[in-house]
Amino acid sequence: MNHRDEILDNIRRNTKKRFEYPHWEIQATTYADKIKQFCEISRQVGGDAMVWQEGDCLDDIIRSRFPEAHSIASILPEVTCSTLNPDDVACAQDLNGIDLAVISGEMGVAENGAVWIPQTVKHKLLYFIAEALLIVLDRNKLVNNMHEAYATLKTETYPYGVFISGPSKTADIEQALVMGAHGARKVLVVLR
């Protein structure tokens, strides 16, 4: 018997009263209007969200919301103003200097404005190295909370994925919040 087993055996022998593990039913927050909640929270975390209107065009949204973007990376076929297909780049480091990455999200979370982004491009670095992100998300794929999000993810298999909620942020001990410290400085979610 090793020391670990010996210690655990002593604990078991000297435990006088045992309790059953409690059964908890999680009652997470739900929202009457997930789209409104998602948009509000997206703004609160430093990003932005908009609802697609009939007649909208991604190229027009890109030009109006990101006029300073010269290098635009996207694999989405409807983005005709892209200057680079990120899957054509040989190594991830060659993505350095991308002004805007236009990507698609799989699911959005109303409680925190997070979007689940599975890896759909060759180099996942694109999600973090671009100065700005425009995430296209189906508005029917919004869930209320992270409990629902993880329940949905349990049924799918992804080699890689990440939740992104607004631009990257970091804060130090003096409570100084810095936006865009180690990822996108600007994030816009377009709910189609």
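This one's a predicted model, so the numbers in the text were calculated from it and none came from an experiment.
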V136 with M107, same ILVMFWY side-chain cluster at under 4.5 Å: no
Linked, directly or transitively: V45 and V115 (ILVMFWY side chains, under 4.5 Å): no
Quick check for you: to the nearest 0.5 Å, what is the distance between E106 atom CD and I117 atom CD1? 10.5 Å
Can you confirm whether K122 sits close enough to V89 that some side-chain heavy atom of one is under 4.5 Å from a side-chain heavy atom of the other? no
Who passes salt bridge (charged side-chain N to carboxylate O under 4.0 Å, His left out) against R139, sequence neighbours left out? none
What residues, two or more places apart in sequence or in another chain, satisfy salt bridge (charged side-chain N to carboxylate O under 4.0 Å, His left out) together with R13? D9
Under 3.5 Å, sequence neighbours excluded: what are the donor-acceptor pairs made by side chains of residues 54-62?
from, atom 1, to, atom 2, distance (Å)
D56, OD2, Q53, N, 2.8
D59, OD1, T80, N, 3.1
D59, OD1, C81, N, 3.3
D59, OD2, T80, N, 3.3
D59, OD2, T80, OG1, 2.1

With clusters defined by side-chain heavy atoms of hydrophobic residues (ILVMFWY) lying less than 4.5 Å apart, directly or transitively, does M50 cluster with F38? no
Can you list the steps and then say if S71 with L100 is a side chain to side chain contact (heavy atoms under 4.5 Å, CB included)? CA-CA 7 Å; S71 57; L100 174 66; over 6 Å; no
Does CD belonging to E68 count more than 12 external heavy atoms closer than 6.0 Å? yes
Are F128 and L133 co-members of a hydrophobic cluster defined by side-chain heavy atoms under 4.5 Å apart? yes
Minimum heavy-atom separation for A110 and K34, please, with both atom names. CB-O, 3.8 Å
Counting distance only, does the side-chain N/O of D99 pair as donor-acceptor with the main-chain N or O of I72 below 3.5 Å? no
Shortest non-hydrogen separation from G113 to I41 and the atoms involved: N-CG2, 3.4 Å
Does any part of the side chain of N10, heavy atoms only, come nearer than 4.5 Å to the side chain of I7, both counted from C-beta? no
Identify which one of N14, L8, T15 satisfies the side-chain contact (heavy atoms from CB on, under 4.5 Å) criterion when paired with R12. L8
Are L125 and L84 linked, directly or through intermediate hydrophobic residues, by side-chain heavy-atom contacts shorter than 4.5 Å (ILVMFWY only)? yes
side-chain hydrogen bond (donor to acceptor under 3.5 Å, both in side chains) against N96, all qualifying residues, sequence neighbours excluded: none
Nearest-0.5 Å distance, CG of residue L134 to CZ of residue F66: 5.0 Å
Going by heavy atoms in the side chains, are S82 and V102 under 4.5 Å from each other? no
From T152 atom OG1 to M146 atom CE, the distance as rounded to the nearest 0.5 Å: 10.5 Å
Can any side-chain N or O of N85 pair as donor or acceptor with the backbone N or O of I75 at less than 3.5 Å? no
Would you please test K169 and L177 for side chain to side chain contact (heavy atoms under 4.5 Å, CB included) and show each step? CA-CA 7 Å; K169 305 164 225 25; L177 180 64; 3.9 Å; yes
Between the CD atom in Q119 and the CD1 atom in I103, the distance rounded to the nearest 0.5 Å is 11.0 Å
Carefully, step by step, assess T29 and N144 under the rule side chain to side chain contact (heavy atoms under 4.5 Å, CB included). CA-CA 7 Å; T29 304; N144 288 294; over 6 Å; no
Run the ring-ring contact (aromatic ring centres under 6.0 Å, His included) test against Y158 and tell me which residues pass, sequence neighbours left out. W116
Just verifying a value: how many Å separate T83 OG1 and H70 NE2, rounded to the nearest 0.5 Å? 10.5 Å
State whether the side chain of S165 and the backbone N or O of N112 hold a donor-acceptor pair below 3.5 Å, judged by distance alone. yes
Looking at side-chain heavy atoms only, is the closest gap between Q37 and E111 below 4.5 Å? no
From the list T30, L142, L153, V109, side-chain contact (heavy atoms from CB on, under 4.5 Å) with E148 holds only for T30
Judged by atom type as modelled, is there a donor-acceptor pair below 3.5 Å linking the side chain of S74 to the main-chain atoms of L76? yes
A side-chain contact here means heavy atoms from C-beta on lying under 4.5 Å apart; do Y31 and N145 qualify? no
Does the gap between the ring centers of F163 and Y150 come in under 6.0 Å? yes
What pairs of donor and acceptor atoms, side-chain ones from residues 179-192 against any protein atom, are under 3.5 angstrom apart with sequence neighbours left out?
from, atom 1, to, atom 2, distance (Å)
R185, NE, E131, OE1, 2.7
K186, NZ, R65, O, 3.1
R192, NH1, E78, OE2, 3.1

